[in-house]
Amino acid sequence: MELRQLRYFIAVAAHLSFRKAARHIHISQPALSRQIADLEDRLGSRLSLRSNRGIKLTSAGQFFLTEATAILERIDRVTEKIGQTATGTSHSLTVGVMGSFEKDFLPYFLKKFHRNCPDITVAVKRFCWQRLDDAIVQGDIDIALTISQDQAVPQALSAEKLRSEPLTLVVPKDHPLADKSRIALSSLAEEPFIIMDRTENPKAYTHLLGICAKAGFHPNIVSQHREMETVLMLVESGAGITVLSRLATPSAGPFLRFVDIEDGGFSDLIATWRKDSLNPAICPFIQYLKQHTQA
């Protein structure tokens, strides 16, 4: 399979016409048809169907279009990074965040990093929990700042622990447990739980069920939400309680209280990046993170 075949197929998919696609990429229509036929032979599947009304992508063709586009975009990024390295020009980084756990250090850190490494441009993108994990594995971003609760890091990634904090109970300030300094998890067996949506962070959901099971109960989950801000707002309203990492403190309002849990375990703020990344800006950024965040 050749890269030009991917580009040819993307052109055909964009125009849904071999004639228009051939004109756009400046080759003859018969030559384009042969290239697409060869590609289909290699894949062992039809990518498009022709009729008098034009061309329609098959389900395999729609899937391949997404993957081919992603492959070419990644190659373009790698080519750009190599060119920057060879010429000594400025570098860029894209850092993925969740937006809830980095508020207390990331703005100040980025300001200091830019002052010390002015040739590196840093872009920050916010993702939901699961999408952030996918983005770093797929190479859509250079570095991810994410939360781990003793989960294994994918083999393709390197990881650096930046900070470790205990899981805590979050309650409104007028809750009976608000003045406690420390509680046993089993004391929450009758409490209504408000948590992050299971699809948003399946790892955290599984972890919560696991620690509750060890404490002898199944949590009474009354609602699940995609945004942490919504979870905290509902807890503050008195609709229930939640269990979060103390790393979430910067997102909490003044009317919430955090109570340490004896047997809740810890969560780690970690930076992850692909082992095969060719971006030379990753190394100084990670080194600076290690120096300026408290593990």
Side-chain angles (χ1 to χ4, degrees), residues 1-97 119-128 130-144 154-158 272-283 285:
M1 186 185 304
E2 302 177 18
L3 291 179
R4 64 174 178 170
Q5 291 177 321
L6 303 187
R7 300 187 191 278
Y8 290 167
F9 174 71
I10 290 173
V12 170
H15 293 86
L16 292 178
S17 166
F18 277 84
R19 179 177 56 83
K20 293 179 180 179
R23 184 186 306 160
H24 178 76
I25 57 181
H26 307 293
I27 67 171
S28 69
Q29 183 175 337
L32 176 59
S33 296
R34 286 195 299 270
Q35 290 292 334
I36 298 302
D38 180 64
L39 179 61
E40 290 178 327
D41 287 342
R42 289 175 179 270
L43 293 172
S45 180
R46 292 293 302 274
L47 301 177
S48 63
L49 298 175
R50 302 193 201 191
S51 69
N52 294 333
R53 297 182 179 180
I55 292 175
K56 180 180 180 181
L57 296 184
T58 63
S59 58
Q62 293 172 346
F63 172 78
F64 187 72
L65 175 61
T66 300
E67 296 301 313
T69 301
I71 289 170
L72 292 180
E73 287 178 349
R74 178 157 174 76
I75 289 174
D76 288 342
R77 288 197 300 269
V78 169
T79 302
E80 180 184 358
K81 300 299 183 185
I82 291 176
Q84 290 176 342
T85 303
T87 60
T89 56
S90 60
H91 305 297
S92 62
L93 273 174
T94 301
V95 180
V97 303
D119 60 327
I120 299 178
T121 301
V122 180
V124 178
K125 291 186 177 181
R126 182 174 178 176
F127 294 86
C128 68
Q130 185 61 40
R131 179 68 185 96
L132 178 58
D133 289 345
D134 294 339
I136 189 63
V137 170
Q138 295 168 4
D140 296 334
I141 56 178
D142 297 299
I143 295 171
Q155 190 173 2
L157 301 181
S158 294
T272 61
W273 64 99
R274 286 189 63 92
K275 293 177 181 177
D276 61 358
S277 176
L278 298 175
N279 191 334
I282 290 178
C283 184
F285 189 88

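Please read these numbers as outputs of a predicted model, since none were measured by experiment. Residue indices begin at 1 and follow the sequence shown.
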Legend entry - Verdict with supporting geometry, F9 and L47, side-chain contact (heavy atoms from CB on, under 4.5 Å): CA-CA 9 Å; F9 174 71; L47 301 177; 3.6 Å; yes

Inset, instruction - Walk me through it: do I143 and N279 pass the test side-chain contact (heavy atoms from CB on, under 4.5 Å)? - result: CA-CA 10 Å; I143 295 171; N279 191 334; over 6 Å; no

Legend entry - Considering all heavy atoms, the nearest S92-A281 contact: O-CB, 4.4 Å

Inset, instruction - Nearest 0.5 Å please: distance from the NZ atom of K125 over to the CG atom of D142. - result: 9.5 Å

Legend entry - Close side-chain approach of L39 to Q35, heavy-atom, < 4.5 Å: no

Inset, instruction - Apply the test side-chain contact (heavy atoms from CB on, under 4.5 Å) to residues V12 and F18: give CA-CA distance (whole Å), side-chain angles for both, the deciding distance (0.1 Å), then the verdict. - result: CA-CA 6 Å; V12 170; F18 277 84; 4.2 Å; yes

Legend entry - Shortest non-hydrogen separation from A13 to L57 and the atoms involved: CB-CD1, 3.9 Å

Inset, instruction - For the pair L157 and R274, evaluate side-chain contact (heavy atoms from CB on, under 4.5 Å) and give the outcome as yes or no after the intermediate values. - result: CA-CA 4 Å; L157 301 181; R274 286 189 63 92; 3.8 Å; yes

Inset, instruction - Answer whether the closest heavy-atom distance between the side chains of I136 and F127 falls below 4.5 Å. - result: no

Inset, instruction - Supply the atom-to-atom distance L32 CG to R23 CZ, rounded to the nearest 0.5 angstrom. - result: 12.5 Å

Legend entry - Straight-line distance of R4 CZ to I27 CD1, nearest 0.5 Å: 8.0 Å

Inset, instruction - Drop me the distance from D133's CG to Q138's CD, to the nearest 0.5 angstrom. - result: 10.5 Å

Legend entry - Spacing of OG belonging to S48 relative to CD1 belonging to I55, to within rounding of 0.5 Å: 5.5 Å

Inset, instruction - State, yes or no, whether a side-chain contact exists between D140 and R131 at a heavy-atom distance under 4.5 Å. - result: yes

Inset, instruction - Can you spot which of I71, T66, L65 makes a side-chain contact (heavy atoms from CB on, under 4.5 Å) with T69? - result: L65

Legend entry - Euclidean distance, L43 CG relative to Q5 CD, rounded to 0.5 Å: 8.5 Å

Legend entry - Side chain proximity check, L6 to F64, heavy atoms < 4.5 angstrom: yes

Inset, instruction - Taking only Lys NZ, Arg NE, NH1 and NH2, and the carboxylate oxygens of Asp or Glu, determine whether D38 and R34 approach each other closer than 4.0 Å. - result: no

Inset, instruction - Might you point out which heavy atoms bring P154 and V137 nearest each other, and give the distance in Å? - result: CG-CG2, 4.2 Å

